[in-house]
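All chains are named by letter (A, B, ...) in the order of the sequence lines, taking the proteins before the strands, and each is independently numbered beginning at 1.
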Amino acid sequence: MLKVTLKDEKEIELKKGIKIEEVVNSMGHKLKKEALAAKVDGKVIDLNGGLDKDCKLEILTFEDEGGKLALRHTTSHILAQAVKRLFPEVKLAIGPAIENGFYYDFDSGRPFTDADLELIEKEMNNIIKEDLILKRFELPRDEAINLMKEHGEDYKVELIEDLPEGEIISFYEQGEFIDLCAGPHVISTGKVKAFKLTSVAGAYWRGNEKNKMLQRIYGTSFIKRSQLDEYLKMLEEAKKRDHRKLGKELDLYSIQEEGPGFPFFHPNGMIIRNILESFWREEHKKAGYQEINTPIILGAELWKKSGHWDHYKENMYFTEIDGEPYAVKPMNCPGGLLMYKRNLHSYRELPIRMAELGLVHRHELSGALHGLMRVRCFTQDDAHLYMMPSQIKEEVIGVIELADRFYKIFGFEYYVELSTKPENSMGSDEDWEVATNALRETLETKKINYRVNEGDGAFYGPKIDFHLKDCIGRTWQCGTIQLDFQMPELFELTYIGADGEKHRPVMVHRTIFGSMERFIAILTEQCAGAFPTWLAPIQAIIIPVSEKHYDYAESLTQKIDSLNIRVEKDIRSEKVGFKIREAQLKKIPYMIIIGDKEVENSNISVRDRKEGDLGSMSLDDFIVKISKEINDKLNK
RNA sequence: GCUACUGUGGCUCAGCCGGUAGAGCAAUUGAUUCGUAAUCAAUAGGUCAGGGGUUCAAGUCCCCUCAGUAGCUCCA
């Protein structure tokens, strides 16, 4: 007999070799119906699996990540099976479950059309109705390869050949369909109650642009129809928060055909941007930063020295001045380095923190451009910190805390990545090792959860990245902290130590917003265009009921305006309802409605864009209220 | 850059199997002076992204270019 500990710490005795499915069947009706997979000693496996030793057992449903992934992974197999039934000549690549759904990559002679998708969905429904049982089996390497060769699945053969020695090679079979797969899966195709194929896109085999481009079909699935509908509705709603849509509606910015990837900031966008920048300046002054500004165009020699010429050339724009080659800066560091080199530095000055709101230009592939999120010129809220090696940890912590403070103010949740040495990099492995470990240790000291992103560092050093989410959950890198031993070496930076000798400082490159453009985009999506009052282009609008109240409106406007609150008045001959509707669409935080009553009582009637009518109050009370909201940078 | 899709007045969109552009909003003008999400009327505005081709005839079919969207690659 086996001792099995359940999720609620209850221990039960089961006979050895029992199938988890049987265990589930002996449980409550609800769990029996909802079970999708199981977690045995922390490892997610099929319900088909058996128990052969004492263990902890947890039954997973759609509410559990493991259950959800199993269901969606099975849906991707159903998709592949349907495709094979309809188009036998298509070859299979990979088909994992991903966040919010799944995909499957196919090598088909021609691209899938919308009509194909409909056919495929129909066939998938058939497979679900057939309620095929998923059977797992393992094969030794040679047999596995032979099996896949028999099926003409070249990509699968390649995958198996690349599996490390000793790796278990498993397959899943459902009806006539067999796929190489590690699992886990749900017990039968009938478990998928609601699914939808959402889009088709090209995707390179193994994510390498030198490889063949395959057809990727994306989809999602649920255990209830209502969940699918809800998800699709949620996506629709999320699209209304898209900063490209809101940017147009709120007249924040635009991108013209004459300059793809080069944004134009409109007056409303500039108000937000300028406030963000002055906030940034205040905070950086407090945090001990100096501010500098360096040129946008600098000589080619500088870029050769910094390594950009060799490691970053595809992303750079070039020009010529008086016959000499120059480059438009893609990064601010080389200019900043020249600034450091202007004079001698004592160890007593260190760390030196030089910040720069620097406009950089980078050539991004046309297909990568995306509103303000991904552009070809942007202003980084950059800073370069020069320090003694002994100061690294403290400085990196300082930046992490600064970033955290910024994101908290905007109410952003973020997640952190540690990116390591990329292929096209400079410097010795030892340097990279030391730098990467320094960052890792700092993250661990601060007890920050992070994911390692292998090979994604800058060419001169490893980095800690802060990622923020957009309206539909895509993540974008904003803040970054990059530890660099290379530039100080290349530019022969020095400081005079206590011993009177010259020493090499270490350098940290960092941003908090990331770029003004991307940050404004994220912010726009986060607040759905209803910017917190301290950032709103118009903070209050005065709406007189009729012409009789214009004088009072004018005097209120002047009073509020004199307090540096961004106020406007709407004296068009329109009805109140119409003016309110417009103000509401512009997402103006406060509407001040004044009619006979207000003029008579010398007060105002306030409407909040979210709460609606707040009733009447005195102008002074309103000013106290809105000023507090602005000064405290409240997110409401 | 790659794969697929899209591109009609400032904005959102209609235009069936090719017959030679239409609505709403916005704008302008006039009327209306009104109490918490749309007052009424009139006027003006487009060589249908650009270029080439097929055709008696192209917004509608074909090709090229440009731009956008989704994804891949890449990245703040």
Side-chain angles (χ1 to χ4, degrees), chain A residues 103 105 110-114 198-218 242 244-245 248-249 251 254-261 314-315 330-332 358 360 362-382 419 422 456 458 463 465-468 472 474 476-480 482 509-519 521-522 543-550 571-585 591-598 605-609 612-615:
Chain A
Y103 67 79
D105 285 349
R110 59 181 188 89
F112 294 113
T113 62
D114 286 350
T198 47
S199 62
V200 197
Y204 301 108
W205 166 236
R206 301 200 139 176
N208 186 331
E209 63 181 324
K210 294 194 180 76
N211 290 342
K212 184 165 183 181
M213 183 161 268
L214 309 172
Q215 296 290 314
R216 174 173 297 178
I217 299 181
Y218 281 92
D242 191 311
R244 292 166 300 183
K245 188 173 156 62
K248 204 182 275 179
E249 286 170 4
D251 202 13
S254 63
I255 294 175
Q256 317 280 338
E257 277 209 14
E258 289 79 355
E314 327 75 79
N315 287 296
M331 294 189 197
N332 301 302
V360 298
R362 297 184 185 174
H363 179 72
E364 298 291 344
L365 294 179
S366 59
L369 301 177
H370 184 93
L372 285 182
M373 296 277 193
R374 193 74 180 278
V375 287
R376 285 181 172 151
C377 76
F378 54 99
T379 300
Q380 289 184 301
D381 66 316
D382 216 342
S419 296
D456 209 35
K463 54 182 189 162
D465 293 328
F466 296 83
H467 292 250
L468 301 178
I472 60 170
R474 290 175 292 210
W476 298 86
Q477 184 193 314
C478 289
T480 182
Q482 311 176 343
H509 310 235
R510 50 109 281 179
T511 65
I512 305 287
F513 287 144
S515 77
M516 299 312 296
E517 289 75 5
R518 181 174 287 182
F519 195 81
I522 295 270
I543 300 178
V545 172
S546 80
E547 236 168 77
K548 287 183 286 183
H549 316 113
Y550 283 8
I571 50 167
R572 294 173 302 170
S573 64
E574 296 288 352
K575 288 189 166 178
V576 188
F578 179 84
K579 295 184 188 177
I580 287 174
R581 181 184 151 80
E582 289 220 326
Q584 197 75 47
L585 291 174
M591 285 156 252
I592 296 172
I593 291 104
I594 51 168
D596 289 342
K597 260 191 301 179
E598 286 73 23
S605 168
V606 180
R607 185 188 164 92
D608 181 297
R609 68 182 161 192
D613 193 354
L614 299 183

For [X], report the nucleic acid contact type (base, sugar-phosphate, nothing); a contact means any heavy atom under 4.0 Å.
| X | result |
| --- | --- |
| A:Q380 | sugar-phosphate |
| A:R362 | base |
| A:L369 | sugar-phosphate |
| A:K463 | sugar-phosphate |
| A:S573 | base |
| A:D381 | nothing |
| A:K548 | sugar-phosphate |
| A:G514 | sugar-phosphate |
| A:V545 | base |
| A:R216 | sugar-phosphate |
| A:M591 | nothing |
| A:Q477 | sugar-phosphate |
| A:R474 | sugar-phosphate |
| A:E258 | nothing |

[X] side chain, from C-beta outward: closest of [options]:
| X | options | value |
| --- | --- | --- |
| A:H370 | B:G71, B:U36, B:A70 | B:A70 |
| A:K575 | B:U39, B:G35, B:A76 | B:U39 |
| A:I593 | B:U36, B:U39, B:A37 | B:U36 |
| A:Q215 | B:U73, B:U33, B:U3 | B:U3 |

Any strand: nucleotide that pairs with B:C11 via Watson-Crick or wobble, under 3.5 Å: B:G24
Could you list all N or O pairs between the protein and nucleotides 10-13 of chain B that sit under 3.5 Å apart?
unit_1	atom_1	unit_2	atom_2	d
B:U12	OP1	A:K248	NZ	3.2

Any donor-acceptor N/O pair under 3.5 Å between [N] base and [X] side chain:
| X | N | result |
| --- | --- | --- |
| A:Y204 | B:G1 | yes |
| A:E314 | B:G1 | no |
| A:E209 | B:U73 | no |

Whole-angstrom distance between B:A38 and B:C48, as gauged at atom C1': 30 Å
P spacing across the pair B:G1 / B:C64, given as an integer number of angstrom: 15 Å
Spacing of CG belonging to A:L214 relative to CH2 belonging to A:W205, to within rounding of 0.5 Å: 7.5 Å
